[in-house]
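So the structure is just underneath, and the comments pick up after that.
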Amino acid sequence: MDYDFLKIEQKWQARWAAGKTFKAETDTTKPKYYVLDMFPYPSGAGLHVGHPLGYIASDIYSRYKRLKGFNVLHPMGYDAFGLPAEQYAIQTGQHPEKTTDINVARYRQQMDRIGFSYDWDREVRTCDPGFYKWTQWAFLKMFDSWYDNAQDKARPISELEAAFASGGSAAVNAASNDAPSFTAEQWRSFSDKEKSDVLMHYRIAYQGESTVNWCPGLGTVLANDEVKDGYSERGGFPVFQKKMIQWQLRVSAYAGRLLDGLDALDWTDSLKEMQRNWIGRSVGAEMVFKVSDGTESYDMTIFTTRADTVFGVTFMVLAPESEWVEKLTTPSQKAAVDAYLDSVKKKTERERIAGKAVTGVFTGSYATNPLTGAQVPVWISEYVLSGYGTGAIMAVPAHDSRDYAFAKKFDLPIIPLIEGADVSEESFDAKEGIMINSGFLNGLTVKEAIPAAIAYVEEHGIGHRKVNYRIRDAIFSRQRYWGEPFPIYYKDGIPTPYPVDKLPLTLPEVDEYKPTDAGEPPLARAKDWTYDGYPLETSTMPGFAGSSAYYLRYMDPHNGEALVSREADDYWRNVDLYIGGTEHATGHLIYSRFWNKFLYDLGYVCEDEPFRKLINQGMIQGRSSFVYRIVGTNKFVSVGLKDSYETTEIHVDISLVRNDRLDIEGFRKWRPEFETAEFVLENGEYICGWAVEKMSKSMYNVVNPDTICDTYGADTLRLYEMFLGPVEQSKPWDTKGIDGVHRFLRKVWRMFYDGDKWLVNDDKATPSELKALHKLIGKEQEDIETFSFNTTVSAFMIAVNELSGCSKREILEPLLILLSPFAPHIAEELWEALGHKQSISFASFPEFNAALTVEDTCTYPVSFNGKTRFTVDLPKSMSREEVETHVRGLEQTAKWVGEQSIVKMIVVPGRIVNVVIK
RNA sequence: GCCUUGGUGGUGGAAUGGUAGACACGAGGGACUUAAAAUCCCUUGGGCAGCAAUGUCCGUGCGGGUUCGAGUCCCGCCCGAGGCACCA
């Protein structure tokens, strides 16, 4: 019997599928464990060898947990709404659903070949009406809720209405955007439309005007995390700032909880830090400045983290989009201001970021410093953002580099406030030093002055302490076809929306997938896109909508009554282990947490956080190969000799290269232009150059997992992807190392079969064989829990080398169980050959016997302060001199920590393993 | 600029403060073969000495420090990767 991996893998994959081996059921007799992969967007290109890295790791962990007695939920699905399918539909007229189905089928086929232990009965697709019904449902719940800052949770909107009716707008402390004030009497006298308009400022899913990232290239708006460096993440089109009315989610209301919740999560520090920065908490004060355009005066509120610097305010700055701009622009300045606003509007987001040129214009109005009474001019500049704080700032050029640059450019005064700070060349931004020129703050350090200043303004009714967050509400409308329709219709025209009460509201057919000629979204093309005769909303939801709660749906995927039943949620609770890329740090992973917290507030789910532990798998990069063509010829020179010629570097398909050696005949056949190619060889071979690059078609470095499965088998692929290095680390794929792990599997096979001869016997294992086995058991348990899968694979190789020639059932049975999470097909095959009727999946992980792994040791006395205090065990193999060195070291250590505090010391060859101190 | 990471042979990478380079690839040599594949064995960080077994010194980005002992801990640099970036 040879190791015929193709036959074996097909056989077991078919068996697992037919027997539903990995079907998860609620089973309260077992502890649950939920292992989740970030579900993929099924793109047309299919999977390359980098995609399954995380899936393999999670599969190994899932299989391991099952062996450890856990009831494991390990599902998979597809994030199936998205731009590429829609762009393709616009070009070809093909319905995106059709493209999606084809791509999904291909993904499934590719995944099946790798032998994953998913429970496919739980598959979800975000574009399936049975699934997006619950996306729409959650949206309506958000529409029907408000955020109570006092209780710090979301509550039904009816409770807000009741509060308004009894106490007016002052009766609540609610998260809102520009909500008007009114009394209870006024509320009661409001018409339905007026009430609806007011409530819109409080809803968690609300419609509101805000500055959005408008991407004309895609014909839609984008969320902040979908914009990278001023270009759309998908498609790379320039993005402009534009004011529009859009559906939004009040994520900002959850900023505090999203931030605090991070502490208890088992995520990497870097990822938590990214979220912290994205949420961006800063503590400061809001302060009121009197402003006047010469005829009328107003109270203008600004936010600052440096309340201590009020004495140094020499001007004020408004964001170009600020509502104050209109009020404070004086007639004489009107033309200049309009010209400035116009120039700002025309800039792309990219130019705005990249330019960093100092620009601005004077409004003509003045503000009064509330502490000094000084009159300072009010300017407009794009360096002030409308979305943050109040969209207006007090400028302290001496101690803020942006204000400084502005002051220099427009020749505004600079007043230093900190002793010894030299502000002639640059501002002094550090929060340290002693205050000067600052009235009652003089003599205090900055750290003392900030709270003192805040206390002062609070006492005098000038302002109050305030915590601000950078995170913005999520723009939730997309002017696209291939997404979830909003279950919203309009009776009286925007903005008086009403919820559709029959879900799902399914996506209508359209004749074309692009916007209408009038610039309306594609859904406006649908015939009869109405509800009860009223027009339906024509935008659709963004990509993150469907992925925000999919992990909950897996718990109970066929439930027609609820997103997830109480029982299923109580049992599975939340995701114990989530594996996926770090690119979702500020998108999906924030939105999901927000979505989950919202559902938690309303009592639909029992856990406040969705993902307990998160592992970010690294990217697998491509390893591109190059040939070097001598300029002006069709002659190619081997990499070692290329420096003697003037050459051009050309990507060559890596399938034509093995161990950096070029298949010259294959190369000639590759493209017609190379048919007559000549070569300058070194040692009779053409050696290619190489570089690590992103895996992509254009660099001819894509490796398809199917190819690896064909030539080496899925077990080899799984093992090799783990062997490449730590799961979290990015690393280049290099096929040349794969022979090593393949060889290892063949070695395992040969422990059972010598040709056709069955080798397994029932002899008793020797102590050293048992030791090798138990070393492996210990190592595997330790490494899997820390996701060091690469060292586990190494441990297997070491164990199999140590056990070479051993074909004892007593050793081989546990060995197969240990191997099964990594290389399940070969393990199952050999397990069956050993005469087992039941699949290895139902076996238990072998018990670990620590005693078997201890080395042979001798006992030596360790003394200090002139007395023998205790003894240590050192290996017999150590020389006298080594022993002396060690014992001396131990004496020093003992002296240092104090003898009484030593409870125990453990020493194995060459090192102190542990010093336990009281 | 700020935050987070990482820097170890020809390559991927091992190493709770305790024999640096496990394991694997590649390379070189050998065995078995008519031959190839497959398999197995030996060598493989660098320098010096030796016919040899072996001995000896130097080595984890750079410079300091703590320690009996530092790839690992502390301080200061340099370089790479990722994220954020007018957030007042």
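Chain letters run A, B, ... following the sequence lines, proteins first, then strands; residues in each count from 1.
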When you compare [N] with [M], how far apart are their [atom1] atoms, in angstrom units rounded to a whole number?
{"N": "U5(B)", "M": "U19(B)", "atom1": "C1'", "answer": "30 Å"}
{"N": "U4(B)", "M": "G59(B)", "atom1": "C1'", "answer": "30 Å"}
{"N": "U60(B)", "M": "C3(B)", "atom1": "P", "answer": "28 Å"}
{"N": "C68(B)", "M": "C2(B)", "atom1": "C1'", "answer": "41 Å"}
{"N": "A70(B)", "M": "G17(B)", "atom1": "P", "answer": "14 Å"}
{"N": "G13(B)", "M": "C25(B)", "atom1": "C1'", "answer": "11 Å"}
{"N": "C75(B)", "M": "G6(B)", "atom1": "P", "answer": "15 Å"}
{"N": "G71(B)", "M": "G9(B)", "atom1": "C1'", "answer": "14 Å"}

(message) Can you tell me how far apart CD (Glu286(A)) and CZ (Arg465(A)) are? Round to the nearest 0.5 Å.
(response) 12.0 Å

(request) Report the distance from atom CG of Asn616(A) to atom CD of Gln729(A), rounding to the nearest 0.5 Å. (result) 13.5 Å

(request) Answer yes or no: is there an ion pair linking Arg276(A) with Asp263(A), defined by an N-O contact shorter than 4.0 Å? (result) yes

Quickly work out the [X] [atom1] to [N] [atom2] distance and round it to whole Å.
{"X": "Leu589(A)", "N": "C84(B)", "atom1": "CG", "atom2": "P", "answer": "14 Å"}
{"X": "Phe789(A)", "N": "A14(B)", "atom1": "CZ", "atom2": "C1'", "answer": "17 Å"}
{"X": "Lys736(A)", "N": "U11(B)", "atom1": "NZ", "atom2": "P", "answer": "10 Å"}
{"X": "Met797(A)", "N": "G12(B)", "atom1": "CE", "atom2": "C1'", "answer": "12 Å"}
{"X": "Ile279(A)", "N": "G83(B)", "atom1": "CD1", "atom2": "P", "answer": "18 Å"}
{"X": "Arg281(A)", "N": "C3(B)", "atom1": "CZ", "atom2": "P", "answer": "19 Å"}
{"X": "Glu728(A)", "N": "G83(B)", "atom1": "CD", "atom2": "P", "answer": "18 Å"}
{"X": "Leu776(A)", "N": "C23(B)", "atom1": "CG", "atom2": "C1'", "answer": "13 Å"}

Does [X] put a side-chain nitrogen or oxygen below 4.0 Å from OP1 or OP2 of [N]?
{"X": "Asn616(A)", "N": "G82(B)", "result": "no"}
{"X": "Gln729(A)", "N": "G6(B)", "result": "no"}
{"X": "Tyr388(A)", "N": "A88(B)", "result": "yes"}
{"X": "Asn277(A)", "N": "G83(B)", "result": "no"}

(message) Of the options A85(B), G26(B), A14(B), whose atoms approach the side-chain atoms of Asp739(A) most closely?
(response) G26(B)

Which is true for [X] with a 4.0 Å heavy-atom rule: it touches a base, it touches only sugar-phosphate, or it touches nothing?
{"X": "Arg661(A)", "result": "sugar-phosphate"}
{"X": "Ser282(A)", "result": "sugar-phosphate"}
{"X": "Pro726(A)", "result": "sugar-phosphate"}
{"X": "Asp403(A)", "result": "nothing"}
{"X": "Leu724(A)", "result": "sugar-phosphate"}
{"X": "Asn790(A)", "result": "sugar-phosphate"}

(message) For Watson-Crick and G-U wobble pairs within 3.5 Å on both distances, what is RNA chain B written in dot-bracket notation, | included for inter-strand pairing?
(response) (((((((..(((.....[....)))((((((.......))))))(((((....)))))..(((((..]....))))))))))))....

(request) If the glycosidic angle is within 90 degrees of 0 it's syn, otherwise anti, so just tell me which one G9(B) is. (result) syn

Indicate whether any N or O donor in one side chain lies under 3.5 Å from an N or O acceptor in the other, for [X] and [Y].
{"X": "Asn468(A)", "Y": "Ser282(A)", "answer": "no"}
{"X": "Ser427(A)", "Y": "His399(A)", "answer": "no"}
{"X": "Asn701(A)", "Y": "Ser624(A)", "answer": "yes"}
{"X": "Glu382(A)", "Y": "Thr359(A)", "answer": "yes"}
{"X": "Tyr383(A)", "Y": "Asp403(A)", "answer": "yes"}

(request) Using heavy atoms and a sub-4.0 Å distance, could you list which residues of residues 267-275 of chain A are near RNA chain B? By number, please. (result) Ser270(A), Glu273(A), Met274(A)

Quick one: which protein N/O atoms are closer than 3.5 Å to N/O atoms of nucleotides 39-44 of chain B? Pair and distance per line, please.
unit_1: U39(B); atom_1: O3'; unit_2: Arg750(A); atom_2: NH2; d: 3.2
unit_1: C40(B); atom_1: OP1; unit_2: Arg750(A); atom_2: NH2; d: 3.3

(request) Please tell me which of Thr586(A) and Asp783(A) maps to the more 5' nucleotide of RNA chain B, matching each residue to the nucleotide holding its nearest heavy atom. (result) Asp783(A)

(message) Nearest heavy atom decides the nucleotide; on that basis, is Gly737(A) or Met394(A) closer to the 5' end of RNA chain B?
(response) Gly737(A)

[Y] ring center within less than 6.0 Å of [X] ring center:
{"X": "Tyr720(A)", "Y": "Trp733(A)", "value": "yes"}
{"X": "Phe796(A)", "Y": "Phe822(A)", "value": "yes"}
{"X": "Phe406(A)", "Y": "Phe315(A)", "value": "yes"}

(request) Examine distances only and state if a side-chain atom of Asp308(A) and a backbone atom of Val446(A) form a donor-acceptor pair shorter than 3.5 Å. (result) no

(message) Using the side-chain contact (heavy atoms from CB on, under 4.5 Å) definition, which of the options Leu717(A), Asp739(A), Leu719(A), Leu745(A) pairs with Tyr712(A)?
(response) Asp739(A)

(request) Using the six-membered ring wherever Trp is involved, compare the ring planes of Tyr388(A) and Phe303(A) and label them parallel, tilted or perpendicular (cut-offs 30° and 60°). (result) perpendicular

